[in-house]
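Just so you know, these numbers come straight off a predicted model, no measurement behind them. Each chain gets a letter, A, B and so on, in the order the sequences are listed, and its residues count up from 1. Note that these values count all heavy atoms, side chains included, but never hydrogens, waters or copies made by symmetry.
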2 protein chains.
Amino acid sequence: MDQMTPCFNYHDCENCPIRERGVCARCDDRELVPLNEIKYYRSYEAGQTMVWSGDAMDFVGSVVTGIATLTQTLGDGRRQMVGLLLPSDFVGHPGRACAAYDVTATTDIVMCCVRKKPFEDMMLQTPHLLQRLLEITLDELDASREWMLLLGRKTAREKIASLISIIARRDASAHAAGSGGVTIALPLSREAMADYLGLTLETVSRQISALKHDQVIVIERKRRITIPDMDRLLEEAGDDTDGGMPVREGDPKLVPRSSARQ
Amino acid sequence: MDQMTPCFNYHDCENCPIRERGVCARCDDRELVPLNEIKYYRSYEAGQTMVWSGDAMDFVGSVVTGIATLTQTLGDGRRQMVGLLLPSDFVGHPGRACAAYDVTATTDIVMCCVRKKPFEDMMLQTPHLLQRLLEITLDELDASREWMLLLGRKTAREKIASLISIIARRDASAHAAGSGGVTIALPLSREAMADYLGLTLETVSRQISALKHDQVIVIERKRRITIPDMDRLLEEAGDDTDGGMPVREGDPKLVPRSSARQ
DNA sequence: CGGTCTTTTGATGATACTCAACATTGGTGG
DNA sequence: CCACCAATGTTGAGTATCATCAAAAGACCG
């Protein structure tokens with residue numbers, strides 16, 4: 001269980017695993033000095049809620065190792081995941097006093113934190129920090145909009161296929177995509193997947209079984225799956241680049257209803 | 001039809017209707033000078049597609065007057081609106097060459113545009129521009145996450161009630177909320193509302209009829225509705241602040257399933 | 001080996017989609 | 001001014017998908 005015990009003895013930013021991708025990515029060595037001084041590490045155990053929605057939040061931070069989720073909850077308990085935080089992702093909203101979402105550690109996690117006020121002050125003096133945070137936020141916005149398409153218009157089966165392909169795409173860089181297929185670890189429980197996809201956990205389970213039955217995926221050890229044919233999975237995910245010609249103009253009668261499935 | 005013919009003779013930014021809220025909001029008069037020189041206005045008619053997803057996009061811009069939508073489309077024609085652009089909202093992704101969404105004018109619209117390259121150059125030299133764009137993007141991200149909750153977990157009825165209350169909240173500043181109730185104009189067709197909410201237009205129509213039948217709203221002239229009791233509407237929208245005590249810890253058995261409705 | 005937690009599977013039902021017909025609205029031209 | 005048309009919106013009947021309730025089977029852990 002190597003990755004379960006992240007020993008952080010980098011107290012300098014230079015050896016940080018997210019040096020290349022975090023908010024600090026654009027900072028030069030000179031700019032790193034003050035950041036180095038005001039940052040501190042904080043770790044949480046798997047399952048622990050790091051921040052409660054509505055609570056005062058006096059710090060911002062970046063995920064160094066581990067995975068966390070952002071969730072929103074309706075008064076009666078319905079839950080929707082609105083963000084998946086992976087290493088280098090940023091948490092917090094400069095300029096807001098309170099957290100807008102619950103932040104929960106899915107695995108054991110290490111955060112690199114800075115108290116909000118010093119961070120805001122530093123941001124005003126460090127365009128590189130500001131620039132990188134804007135980039136990160138714009139990417140996050142794109143991701144959340146892609147997710148909206150999934151939530152609003154995809155079928156249960158497509159949602160599952162999309163989730164698996166998203167995780168596979170991310171893991172792809174690490175686990176070289178051997179010709180025999182890609183194997184990935186699902187970092188989420190069925191319930192978390194349901195919260196992610198706007199489904200019930202039963203539907204998630206059923207659709208995973210169905211994809212397995214249809215040999216789109218192969219299951220080994222519940223939380224570990226192999227994808228024999230990536231293209232096949234992407235087809236199932238629905239967002240392939242338009243099987244035929246791109247219909248853009250012309251006879252409106254030919255444009256299908258926006259909710260049409262299949 | 002006064003607002004249908006927006007005569008733009010402000011060629012200086014000072015009198016601009018979005019001076020207070022646009023990307024330029026934080027700029028001082030000195031910073032406004034170069035912006036003034038590189039900006040240009042561009043208008044589109046209602047229904048016109050301003051940008052096609054995937055096309056090269058060599059400018060960024062802000063909505064000055066009118067309304068536009070961002071939509072994503074699946075290969076088979078299913079459509080999901082992923083953003084609603086109101087005056088002062090920003091369009092474009094500095095650092096990206098291609099548009100990620102279709103941008104369509106819902107009403108006649110006037111945009112204040114800047115070619116992308118000059119804008120990016122100027123942004124690097126103008127922290128106020130960068131700061132404001134970050135603020136706008138963070139707000140947009142929050143909005144899209146709230147929307148994800150709606151898409152993933154709300155019922156059709158709640159979705160409609162939410163949409164109406166969102167529009168009402170925005171209009172509230174303009175049309176003083178008389179004690180007799182608020183009257184708002186729906187800027188969207190039933191189909192556009194369906195694309196927004198992840199429903200079919202029939203379901204939208206049915207739920208509007210149902211809310212009317214239950215006297216949550218009063219309809220006059222199809223695209224114009226009155227809200228007699230705002231609190232009632234917010235209740236129907238589902239995101240009220242938890243009828244009872246906020247359940248946070250304690251017996252997990254008491255926490256309802258995340259997909260439970262009602 | 002019993003306990004709890006997670007996951008799977010089954011039976012049933014409600015919500016929202018599909019297809020279809022009809023009503024209303026707004027604009028155009030006789 | 002009214003008839004007509006196209007676009008938009010409403011309503012109805014039947015159905016598919018996914019949620020709910022329930023129970024059993026696997027996993028994990030002391």
Answer with yes or no whether A:E202 presents, from its side chain, a donor or acceptor under 3.5 Å of a partner atom in the base of D:dC18. no
Under 4.0 Å between a side-chain nitrogen and a carboxylate oxygen: does that hold for B:E202 and B:R206? no
Within residues 203-212 of chain A: residues closer than 4.0 Å to DNA chain C (heavy atoms): A:S205, A:R206, A:S209
Is there any protein nitrogen or oxygen under 3.5 Å from a nitrogen or oxygen in nucleotides 21-23 of chain C, and what are the pairs?
none

Close side-chain approach of A:T183 and A:I225, heavy atoms under 4.5 Å: no
Can you confirm whether the side chains of A:T104 and A:Q48 place a donor and an acceptor under 3.5 Å from each other? no
Need the bend value for the helix from C:dC1-D:dG30 to C:dG30-D:dC1: angle between end axes, 5 pairs each end, nearest 10°. 30°
Shortest side-chain distance from B:K222, nucleotide among C:dT25, C:dC17, C:dT8: C:dT25
Please classify the nucleic acid contact of B:R223 as base, sugar-phosphate, or nothing, using heavy-atom distances under 4.0 Å. sugar-phosphate
Answer yes or no: is there an ion pair linking A:D214 with A:R157, defined by an N-O contact shorter than 4.0 Å? yes
Please enumerate all residues that pass side-chain contact (heavy atoms from CB on, under 4.5 Å) together with A:T73, with sequence neighbours excluded. A:R79, A:D102
Looking at residues at least two apart in the chain, or sitting in another chain, which of them share a side-chain hydrogen bond (donor to acceptor under 3.5 Å, both in side chains) with B:S88? B:R21
Is a donor from one side chain sitting under 3.5 angstrom from an acceptor on the other, for A:S162 and A:S165? no
Please work out if B:G198 contacts a base, only the sugar-phosphate, or nothing of the nucleic acid, heavy-atom cut-off 4.0 Å. sugar-phosphate
Quick one: do A:K154 and A:E236 make a salt bridge, cutoff under 4.0 Å? no
Minimum-distance pair of heavy atoms, taken over all atoms of B:L149 and A:Q72: CB-OE1, 3.5 Å
Just jot down the salt bridge (Lys or Arg N to Asp or Glu O under 4.0 Å) partners of A:R190, sequence neighbours excluded, or say none. none
Output the single nucleotide from D:dG9, D:dC18, C:dA16 whose closest atom is nearest the side chain of B:T155. C:dA16
Are B:L86 and B:D89 packed together at the side-chain level, in the sense that at least one heavy-atom pair is separated by less than 4.5 angstrom? yes
